[in-house]
Amino acid sequence: MPLPSPKKASAAPRAARPTVSVCRGCCCGTPAKVPLLDHEAQLTDLRAALAEVAQVRRTDCLDVCERANVVVVQPSPAGRAAGGRPVWLGQVNDPGASADIAAWVRAGGPGLAEPPAVLDLYTFRPSRRVRQEHED
């Protein structure tokens with residue numbers, strides 16, 4: 001039986017990885033709302049940067065349109081066990097912000113690594129209703 005390729009052997013199992021949800025609903029991801037950003041490139045870059053360590057998914061509207069573009073980083077099971085909770089980031093509208101998010105998630109994400117201080121500028125807490133709808 002052949003050994004798995006090194007690339008696949010180093011990838012964390014899907015269930016054990018953080019999840020990065022990138023809103024691409026009615027406002028996020030549209031040039032009408034955020035005109036100076038290549039929205040598809042943002043999603044592609046996050047997927048490429050996190051391919052081995054996190055699940056990156058496109059999601060429909062997260063109902064916080066005033067914060068477009070929105071990214072939610074959910075902890076891995078180990079991160080949640082260590083006290084990590086989902087982190088909501090808004091106005092993620094430049095490549096530097098996406099790179100900072102990717103670096104943090106590669107380091108472990110919520111519960112396992114401190115986010116770069118610059119992400120404090122993007123972090124927000126949505127209403128309880130929005131959190132309950134999207135964090136389960």
Side-chain angles (χ1 to χ4, degrees):
M1 185 161 147
L3 294 175
S5 70
K7 185 175 183 180
K8 290 187 182 206
S10 66
R14 284 186 101 69
R17 304 182 331 164
T19 299
V20 178
S21 299
V22 181
C23 184
R24 289 296 183 255
C26 61
C27 296
C28 292
T30 65
K33 183 79 171 188
V34 183
L36 301 177
L37 179 67
D38 184 339
H39 300 278
E40 285 306 310
Q42 180 186 48
L43 184 58
T44 298
D45 291 348
L46 280 169
R47 283 183 170 151
L50 296 173
E52 298 297 317
V53 296
Q55 176 184 358
V56 178
R57 65 186 185 119
R58 175 191 302 252
T59 188
D60 199 14
C61 185
L62 292 172
D63 203 20
V64 284
C65 300
E66 69 280 4
R67 305 268 187 170
N69 284 341
V70 176
V71 174
V72 181
V73 181
Q74 294 177 310
S76 65
R80 187 167 285 278
R85 296 294 174 257
V87 175
W88 290 66
L89 303 157
Q91 298 171 315
V92 180
N93 299 326
D94 65 77
S98 295
D100 290 330
I101 293 167
W104 173 45
V105 173
R106 280 193 310 271
L112 299 178
E114 286 296 317
V118 69
L119 290 184
D120 289 348
L121 299 172
Y122 301 94
T123 303
F124 71 99
R125 186 169 171 88
S127 70
R128 181 177 311 146
R129 178 190 59 79
V130 170
R131 285 194 319 270
Q132 287 174 341
E133 287 177 13
H134 299 288
E135 290 183 359
D136 293 330

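The analysis underlying the following values was restricted to heavy atoms, covering all of them including side chains, and did not include hydrogens, waters or symmetry mates. Everything quoted here is computed from the prediction, not taken from an experiment.
Put simply, OG1 on Thr123 and CD on Gln91 are 11.5 Å apart, with the number rounded to the nearest 0.5 Å. The line from CZ of Arg24 to CD of Glu40 is 6.5 Å long, rounded to the nearest 0.5 Å. For the atom pair CD (Gln42) and CZ (Arg47), the distance works out to 11.5 Å, reported to the nearest 0.5 Å. A distance of 9.5 Å separates SG of Cys27 from CG of Asn69, quoted to the nearest 0.5 Å.
Two different hydrophobic clusters hold Leu112 and Val53 under the rule that ILVMFWY side chains link at heavy-atom gaps under 4.5 Å. Put simply, Leu37 and Val22 are part of two different groups of oily side chains (I, L, V, M, F, W, Y) that touch within less than 4.5 Å, one to the next. A single hydrophobic cluster is seen to contain both Val73 and Leu121, as judged by linkage of ILVMFWY side chains at heavy-atom distances under 4.5 Å, directly or through other members.
Applying the side-chain contact (heavy atoms from CB on, under 4.5 Å) criterion to Asp63, with sequence neighbours excluded, gives Arg129, Val130. Listed by chain and residue number, Thr19, Arg57, Thr59, Val72, Gln74 satisfy the side-chain contact (heavy atoms from CB on, under 4.5 Å) test with Ser21 (two or more places apart in sequence, or in another chain).
For the pair Ile101 and Leu119, the minimum side-chain heavy-atom distance is below 4.5 Å. Inter-residue side-chain proximity for Tyr122 and Val71 is flagged as unmet; no heavy-atom pair is nearer than 4.5 Å. With a 4.5 Å cut-off on side-chain heavy atoms, Pro18 and Ser76 count as touching.
The minimum heavy-atom distance linking Ala68 with Asn93 is given by the pair O-ND2, 3.1 Å. Summarising the geometry of Cys61 relative to Cys23, their closest heavy-atom pair is CA-SG, 3.8 Å, with the distance given to 0.1 Å. Contact detail for Pro31 and His39: the closest heavy-atom pair is N-NE2, 3.8 Å.
Exactly one residue among Val70, Val34, Val92, Val64 makes a side chain to side chain contact (heavy atoms under 4.5 Å, CB included) with Cys28. That residue is Val70.
Enclosure of atom CD in Glu66 by more than 12 non-hydrogen atoms of other residues, nucleotides or ligands within 6.0 angstrom is indicated.
Between the side chain of Trp104 and the main chain of Ala113, a donor-acceptor pair closer than 3.5 Å is present.
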